[in-house]
Structure formats: C-alpha cells, structure tokens
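Report on the structure given below.
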Number of protein chains: 2
Amino acid sequence: MIHSRPIAKKTDAHCPHDKKVSCGNCRLNTICLPLSLHIEDIDRLNQIIQRSKPLQKGDYLFRAGDAFSSVYAIRSGAVKALTMGDNGDEQITGFYLPGEIVGMDGLADNQYTNSVIALETASVCEIPFNRLEELSLKLPSLQRHFFQLMSREITQEQQIITLLGKSNAEARIASLLLSISSRNSRRNLSANEFLLPMSRTDIGNFLGLTIETVSRIFTRLQKGKVIGVDKKEIIINDMNALQQLAKGAE
Amino acid sequence: MIHSRPIAKKTDAHCPHDKKVSCGNCRLNTICLPLSLHIEDIDRLNQIIQRSKPLQKGDYLFRAGDAFSSVYAIRSGAVKALTMGDNGDEQITGFYLPGEIVGMDGLADNQYTNSVIALETASVCEIPFNRLEELSLKLPSLQRHFFQLMSREITQEQQIITLLGKSNAEARIASLLLSISSRNSRRNLSANEFLLPMSRTDIGNFLGLTIETVSRIFTRLQKGKVIGVDKKEIIINDMNALQQLAKGAE
DNA sequence: CGATCCATTGAAAGATGTCAAGCGTAGTGG
DNA sequence: CCACTACGCTTGACATCTTTCAATGGATCG
C-alpha cells in the first residue's frame, strides 16, 4: 500500500473542454506547436483547428482503414494507437498523452493504418490536413514545423523500437515508466508521481509481455523499493535505480 | 577500444555508378519518388540531388549527433541505422534497402539521432533538406510527397513495433524475412530467393534476440522445409507456412 | 447479490539466454 | 604455399526467464 496522499487528477487547461481555447493561449502549445509564427499567422492556424471532439473511455477517434483527413493533437486525457494483425490480434503501437499528435500514419496511403481509442475521457484538437497543407505553402515556418513534428514521431517510434529491443521484461517496463515520467515533466507535472492511463493488459500488449509478467514485475519493483504501485498510481522512489534497470543492469 | 571507420568522402572522384542517372529515369523512382510532377519540376528536383557518395561496407553515412543537413535515398546496396544507448550498447532501428530513405529522424532537433552504416557496398542520393524545403514551397505536390514519405517511414516503424511485439523468436524472424521479401519484390527482384545483407549479429540485435537463437531458428526453419539457408542466401520454399509463423501460429 | 472485469499470485512447462566448444572462411604474415 | 589468427556462424548442455494454466481477490455494475 502507498500511504501518501492520493494524486489529484490534473487537467491540462483550466477547462479541458473549453472550446474558446486557442493555440495562442493553450498551455500545451510549447509541446505541440513550438512555433515561431507571427501572431496573425497563429490566428490563421487557429482558425482551421477544430476542438469539438470530447471522447469517452473506449471511444474510437478513428479506425484503421478510415479515410485520412486530419491529424489530432491530444488536449487532455490519453489514447492508444493500435494495428490489427491479419488474424485479428491487436498490437498497440503507442500511447499518446496531452500535447502529442496522432494520425500522421494516415497520410502515406490516404487512410489510417492504426485505430486510436481513448484510454480515459479525452479531448482533442482536430487539424484538417488539406487546409494545413495549403497554409504550409504560404508559411514556410509552418511547413518546417510539420516536417519536424513528423520527424519527432519517427524518432519517438525509434525509441520504442529500442525499448522493445531490450531483452528482459524489467528493462522494458522501467523504460516505459521513465518515458511516461519524462513526458509528464514536459507538461510540468510530477515526474515521480502519476497515474497510468492504461491497463496492465495494454502495457503487456505494447511491451510484448503477458499481463502476468507485467504484474509480477510491478510487484518485484515495489518490493525492491524502486517504485510504489497502487492500482494505476505509480510513485517512483528511486529514479536512479529505475534508470539502471532500463539500461539492462541487474 | 572502438575503432572508428572512416567516413566516406564526398569528394571521391571515381563513382562506379552512373552519375548521369536522373530521378526521371532512375529505376527506383516509383519507390522513392512516386511523384506526379511535371517534367520540368522533376528537373528542378533533380538538380538539387547529389549522387556522389559510394560507401564501402562498414562506412558511416552519418553519425548520431552530426548536424542534420540532408536525407539520403539508398540507390544500391543496403545500410543499417542504429542508436547508441547511454551505456554504449547499440540498437539497430532499421535496415534500409534501395529506394528507401534514411535520415528523416534528424530533422526534429536538427541533428541525427541514428548512425547509419553500410552493410555492403552502397551508393546513395543525397537530398539537401534546405533546398528541398524551399522547392516544396513552390511545388505543392512535392510538399505533399515529402509529407507522405515521412508518413510512410512512420507506418513502417509501426510495423517494426508490431514485429517486435510478437512474443516468439520464430514469428519475429519470419516477419523479418517476409519484410525483406516484399521489399525485394517491390523492386522486381525475386520474392523467394535473396541474399541477406546483414549478419546474424545484426539480425539478433534488431529483433532483440541473441545470435544463437537466430541461428537455431534458421536451422529449425530449414529442417521444417520452410526456407533454405546457405550463409546469407535465403530461399523461401513455403511462403504460406512462413506467413503463418509470422502470425504466431505454431 | 451475482456477474464481470482486472489484477495478483503460484506451480509447472516451455522458450530463450548463457556458456562453451567447434567448424569453415577470409585475411595475414612467414 | 602454408600456418595462423580473427571472425562469423553453428551446435550442445544447462541456467534463467517468461509464458501458460489455474485459482483467487477486489472493484464495479446491473
């Protein structure tokens, strides 16, 4: 059991469903839009973005095979992206937290290759790609920005590949926890205490482990005083040890 | 002690490959540049692309940390991309065959996150990104094309994630062989017989397996008449069985 | 309250890693 | 031309880790 106070659920905007929020004043814009645009250009961008999609847990944002039209910035909550194998087995390809962008896989063949499902109540900003494309032709720094966003998605997926290349289960789980931790601190949330938005089953699927193994590793890390676990609540007690484990140290 | 291999020099005078090749008549352009550009636009693109980089086995195309300047299309041969962990362990993030493009990871932070090394003698087309960016502002279909290329890289890395998510070694190796097979047939090469450009060690590193396991799986698949193996030469005898194995069927 | 879902735990089976030995090839220097 | 070494690969025996199968408990919901 963890005896410290419960973690208050934090939202990323004053009101996560406030439709009046604009990119200019969004708390997340340093993450999803680190732009050097003029104020009027931000306004033009702002005008094409739609913010009318609150999702409940389990809702699909889009499905693999749907026609590609938009990319989506996560504003609050969390989602998972997954592909369906030929036989019907799902493989989670990533978890996306506020400030991160999903749907960029759909551009290649004009249809999404992943389905994206809300892990909890979530709100997103829809960015119609056609209009973004047009605007990018007029705003060089916006074009560059989207090239960079896609590049960042590539590097992050390479980090996942690196994570999955680790041989043992402990290293993979440690890496996942560290990843969530650092993404939280980027949003000025605690790097040491947070709620996992996904189930053990999702973690296992993502990391190529069974749910039982995930559970056992959590228990083992807890017994070793590296982390505290209470359901979805995680407290990192020994960041250094966790980093060592992520590297594969015994 | 780590011995750095020399980086191939741009100034190499004698290129064994035809420098007169242009994107317009390159055999690979349906893969790396499936463009709907006007003939004069292809010419403009053609003018910014440099084709003077023959690499020998083991040569670096670029190193992680180098300043980002260009992306590279593989013209012949094969390369591997790898990241270095904090401790010094390498993780291969991908193999790139002719018609495929490396270096798009470098755009996010203006420096490459991967090192890219030739697996065999290879030639590449260098595409300076600044100039590509400028040209993209004038040619909407080129801008779209590069968005699509990056999107394709994203989807392909998601396929790798899916591959690594598979629990057993047989499925991972089967998937890798099928990937190489299909990429070969895209280039009108045999889907059933090919030479692996990479070592067993590289395969193991990429798939998160030890070299011994890789070797054993090859032997087992050979004994099961699914494939034929002779050093780096692979013959797929039973494509169907290999696909079943890739799905995880026993 | 019963049903269901999610998570945890134990025991046994199976898969992969580790350690060790050996083989063949390519390259090197005598 | 012949050792000789270095390297990549294969194979075996054994240790270790993860999965599988089974049982249980807690939470949630109708």
Side-chain angles (χ1 to χ4, degrees), chain A residues 1-2 6 56-58 80 89-90 92 117 119-121 163-174 176 195-224 227-234 245 248-250, chain B residues 1-3 5 56-58 80 89-90 92 117 119-121 163-176 195-224 227-234 245 248-250:
Chain A
M1 275 305 277
I2 296 174
Q56 297 307 310
K57 176 174 178 173
K80 62 179 171 182
D89 57 334
E90 300 181 348
I92 294 176
I117 301 176
L119 291 167
E120 57 193 13
T121 304
L163 187 168
L164 294 176
K166 317 233 187 222
S167 32
N168 69 33
E170 220 165 60
R172 292 190 206 174
I173 288 181
L176 177 62
L195 293 176
L196 292 175
M198 73 293 283
S199 68
R200 302 285 192 272
T201 305
D202 284 338
I203 293 176
N205 180 306
F206 180 60
L207 297 179
L209 302 170
T210 60
I211 178 176
E212 293 95 332
T213 300
V214 174
S215 181
R216 276 187 255 267
I217 303 286
F218 273 139
T219 303
R220 195 191 307 165
L221 291 180
Q222 182 164 233
K223 284 187 175 147
I227 62 174
V229 184
D230 182 18
K231 325 249 184 200
K232 308 224 161 183
E233 181 181 342
I234 299 288
L245 289 172
E250 303 295 310
Chain B
M1 195 60 198
I2 297 173
H3 293 273
R5 291 180 180 270
Q56 298 307 310
K57 176 174 180 173
K80 62 179 171 182
D89 56 335
E90 299 181 349
I92 295 176
I117 301 176
L119 291 167
E120 57 192 16
T121 304
L163 188 169
L164 293 176
K166 317 231 189 227
S167 32
N168 71 34
E170 220 166 58
R172 293 191 205 174
I173 288 180
S175 294
L176 176 63
L195 292 177
L196 292 175
M198 73 292 282
S199 69
R200 302 286 192 271
T201 304
D202 284 336
I203 293 175
N205 181 307
F206 180 59
L207 296 180
L209 302 169
T210 59
I211 178 176
E212 292 95 330
T213 300
V214 174
S215 182
R216 276 187 259 266
I217 302 284
F218 274 140
T219 303
R220 194 191 308 165
L221 292 179
Q222 182 164 232
K223 283 187 177 148
I227 62 174
V229 184
D230 181 18
K231 323 247 184 198
K232 308 225 162 183
E233 182 179 346
I234 299 288
L245 289 172
E250 303 295 312

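Letters A, B, ... mirror the listed sequences (proteins, then strands); counts begin at 1. Keep in mind it's a predicted model, so treat the numbers as computed, not measured.
- Distance A/L196 CG to C/dC6 C1': 14 Å, rounded to the nearest Å.
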Name the pairs: protein N/O against N/O of nucleotides 21-23 of chain C, kept only if under 3.5 Å.
none

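- In this structure, the side-chain contact (heavy atoms from CB on, under 4.5 Å) partners of B/Q222, at least two apart in sequence or on a different chain, are B/V229.
- When the C1' atom of D/dT10 is taken as reference, atom CZ of B/F218 falls 13 Å away, rounded to whole Å.
- Proximity of A/L176 to A/R172: side-chain heavy atoms (C-beta onward) are nowhere separated by under 4.5 Å.
- Each of B/L245, B/L207, B/T213 was evaluated against B/I173; a single residue qualifies, B/L207, per the side chain to side chain contact (heavy atoms under 4.5 Å, CB included) test.
- Counting to the nearest Å, the P atom of D/dC9 and the CD atom of B/E233 are 15 Å from each other.
- When the side chain to side chain donor-acceptor pair (under 3.5 Å) test is applied to B/S215, no partner is found at least two apart in sequence or on another chain.
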Enumerate all atom pairs, one protein N or O and one N or O from nucleotides 10-13 of chain C, separated by less than 3.5 Å.
| from | atom 1 | to | atom 2 | distance (Å) |
| --- | --- | --- | --- | --- |
| C/dG10 | N7 | A/R216 | NH1 | 2.9 |
| C/dG10 | O6 | A/R216 | NH2 | 3.4 |

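- Taking every side-chain heavy atom of A/L209 into account, D/dT19 is the closest of D/dT19, C/dA7, D/dC9.
- For the pair A/I203 CD1 and D/dT18 C1', the computed distance is 17 Å after rounding to whole Å.
- To the nearest 0.5 Å, atom CG of residue A/N168 and atom CD1 of residue A/I217 are 7.5 Å apart.
- Checked against C/dT8, D/dC9, C/dT16, the side chain of A/I211 finds its nearest nucleotide in C/dT8.
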Where do N or O atoms of nucleotides 23-30 of chain D meet protein N or O atoms at under 3.5 Å, pair by pair?
none

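- A/G204 comes within 4.0 angstrom of no nucleic acid atom, judged by non-hydrogen atoms across all strands.
- Set against D/dT10, C/dG17, D/dC9, the side chain of B/T201 has D/dC9 as its closest nucleotide.
- Two end axes, each from the C1' atoms of five base pairs, can be drawn for the helix from C/dC1-D/dG30 to C/dG30-D/dC1; they diverge by 30°, to 10 degrees.
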Identify each donor-acceptor pair in which a side-chain atom of residues 198-206 of chain A lies under 3.5 Å from a protein atom, sequence neighbours left out, and give them as a table.
| from | atom 1 | to | atom 2 | distance (Å) |
| --- | --- | --- | --- | --- |
| A/S199 | OG | A/T201 | N | 3.4 |
| A/S199 | OG | A/D202 | N | 3.1 |
| A/S199 | OG | A/D202 | OD2 | 3.4 |
| A/R200 | NH1 | A/K231 | O | 3.4 |
| A/R200 | NH2 | A/K231 | O | 2.8 |
| A/D202 | OD1 | A/K80 | NZ | 3.0 |
| A/N205 | OD1 | A/I92 | N | 2.8 |
| A/N205 | ND2 | A/E90 | O | 3.0 |

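- For A/T210, taking side-chain heavy atoms from C-beta onward, the closest of the listed nucleotides D/dT20, C/dT16, C/dA7 is D/dT20.
- Here D/dT18 is the nucleotide among D/dT18, D/dT10, C/dT16 with the atom lying nearest to any side-chain atom of A/T213.
- Rounded to an integer number of Å, the gap from CE of A/M198 to C1' of C/dC6 is 16 Å.
- Here D/dT18 is the nucleotide among D/dC9, D/dT18, C/dT8 with the atom lying nearest to any side-chain atom of A/A169.
- Summarising the local packing, NZ of A/K232 is surrounded by more than 12 heavy atoms from other residues, nucleotides or ligands at distances under 6.0 Å.
- When the P atom of D/dC9 is taken as reference, atom CG of B/N205 falls 13 Å away, rounded to whole Å.
- For B/L221 and D/dT11, the CG to P distance is 13 Å, given to the nearest whole Å.
- Look at CG on B/D230: it is 14 Å from C1' on D/dG8, rounded to the nearest Å.
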